[in-house]
Amino acid sequence: MKEAKLFLPFSTPPSLSEFLDILSVKPGGLAAQLTKYVYDAFFVGSLDLKEEYRRYYCVEYPTLRYYLAIVHGERFEEADLDQTHIFRITNLPQMVDDFQGGTYLDTVLEVLEKWRAGREN
């Protein structure tokens, strides 16, 4: 299994237009094309671990928490486990991958966290 680079718990992920908006990227330009790669890596091409557990592993593992700890080696806070989705991201586009010289991951995660917190309140 390919090693996860990032886990993102979300009740509802943003749409592409919301994602562009919260990152202050205008649609239709080069920045939007590059940002779409990030969106796709986070929310389209990633694996939703809660859905994966529900579909395939709930018979084998007694709880989601146990499944995540045993199979993925990750422990999550209760608030994260309560989210509707837990996205497991294995491939990051260059602009957000530290190993490829990307510098925007922290910024993107910070803005997503603010957006998520605003939606939950």
Side-chain angles (χ1 to χ4, degrees):
M1 180 183 315
K2 197 169 184 181
E3 187 175 325
K5 295 190 176 190
L6 187 63
F7 293 92
L8 288 178
F10 269 86
S11 57
T12 304
S15 66
L16 176 58
S17 61
E18 287 174 315
F19 189 71
L20 294 174
D21 188 50
I22 62 177
L23 291 171
S24 302
V25 174
K26 293 182 182 176
L30 177 60
Q33 291 174 17
L34 295 173
T35 304
K36 184 180 182 308
Y37 292 134
V38 176
Y39 178 84
D40 288 346
F42 283 11
F43 303 111
V44 178
S46 62
L47 182 64
D48 183 348
L49 295 180
K50 286 193 82 168
E51 179 65 19
E52 190 84 351
Y53 172 76
R54 186 190 64 74
R55 283 180 145 184
Y56 306 111
Y57 297 106
C58 64
V59 175
E60 194 173 339
Y61 298 95
T63 65
L64 175 64
R65 180 184 299 280
Y66 186 73
Y67 163 73
L68 293 170
I70 297 299
V71 175
H72 297 284
E74 293 292 324
R75 301 201 185 286
F76 289 87
E77 300 289 328
E78 196 64 39
D80 291 338
L81 291 173
D82 289 341
Q83 300 295 321
T84 308
H85 308 278
I86 299 175
F87 297 104
R88 179 181 179 269
I89 296 125
T90 54
N91 296 312
L92 291 174
Q94 183 176 354
M95 68 185 281
V96 293
D97 192 341
D98 292 339
F99 292 114
Q100 297 183 43
T103 57
Y104 296 108
L105 182 59
D106 290 338
T107 302
V108 171
L109 293 177
E110 185 179 305
V111 170
L112 276 173
E113 183 56 39
K114 287 179 184 174
W115 177 85
R116 184 175 82 166
R119 289 194 48 123
E120 291 174 355
N121 292 335

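Source: prediction; values computed, not measured. One-based numbering along the sequence shown.
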Worked check of side-chain contact (heavy atoms from CB on, under 4.5 Å) between L105 and L6: CA-CA 10 Å; L105 182 59; L6 187 63; 4.2 Å; yes
L92 and F42: CA distance, side-chain angles, deciding distance, side-chain contact (heavy atoms from CB on, under 4.5 Å) verdict: CA-CA 8 Å; L92 291 174; F42 283 11; 3.6 Å; yes
Y67 and L49: CA distance, side-chain angles, deciding distance, side-chain contact (heavy atoms from CB on, under 4.5 Å) verdict: CA-CA 9 Å; Y67 163 73; L49 295 180; 4.3 Å; yes
Test log, rule ring pair (Phe, Tyr, Trp, His ring centres under 6.0 Å), inputs Y39 and F43: CA-CA 6 Å; Y39 178 84; F43 303 111; 5.3 Å; yes
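How far CH2 of W115 is from CZ of F10: 6.0 Å, rounded to the nearest 0.5 Å. Between Q94 atom CD and Y104 atom OH the span is 11.5 Å, to the nearest 0.5 Å. For the atom pair CG (D21) and NZ (K26), the distance works out to 12.0 Å, reported to the nearest 0.5 Å. For the atom pair E18 CD and L112 CG, the distance stands at 11.0 Å (nearest 0.5 Å). Once rounded to the nearest 0.5 Å, the distance linking NZ of K50 with CG of L81 reads 7.0 Å. Here CG of N91 is found 12.0 Å from CG of D40. Values are rounded to the nearest 0.5 Å.
Taking 4.5 Å as the limit, some side-chain heavy atom of R88 sits within range of a side-chain heavy atom of H72. With contacts defined as side-chain heavy-atom distances shorter than 4.5 Å, the pair F19/L23 qualifies. T90 is not listed as a side-chain neighbour of L47, based on a closest heavy-atom distance of 4.5 Å or more. Residues P13 and H85 form a side-chain contact, since some pair of their non-hydrogen atoms from C-beta on lies under 4.5 Å apart. Using a 4.5 Å heavy-atom threshold, the side chains of P9 and R116 count as touching. Residues V71 and Y57 form no side-chain contact, since every pair of their non-hydrogen atoms from C-beta on lies 4.5 Å or further apart. Between K36 and L16, some side-chain heavy-atom pair lies under the 4.5 Å cut-off. Under the 4.5 Å side-chain criterion, counting only non-hydrogen atoms from C-beta, L68 is in contact with I86.
The aromatic rings of F7 and F76 sit perpendicular to each other, their planes meeting at more than 60°, with 30° as the lower class boundary.
T84 places a side-chain N or O within donor-acceptor distance of the main-chain N or O of S11, the cut-off being under 3.5 Å.
A salt bridge between R65 and E78 is present, with a side-chain N of the basic residue lying under 4.0 Å from a carboxylate O of the acidic one.
For Y37, the OH atom is loosely surrounded, since the number of other residues' heavy atoms within 6.0 Å does not exceed 12.
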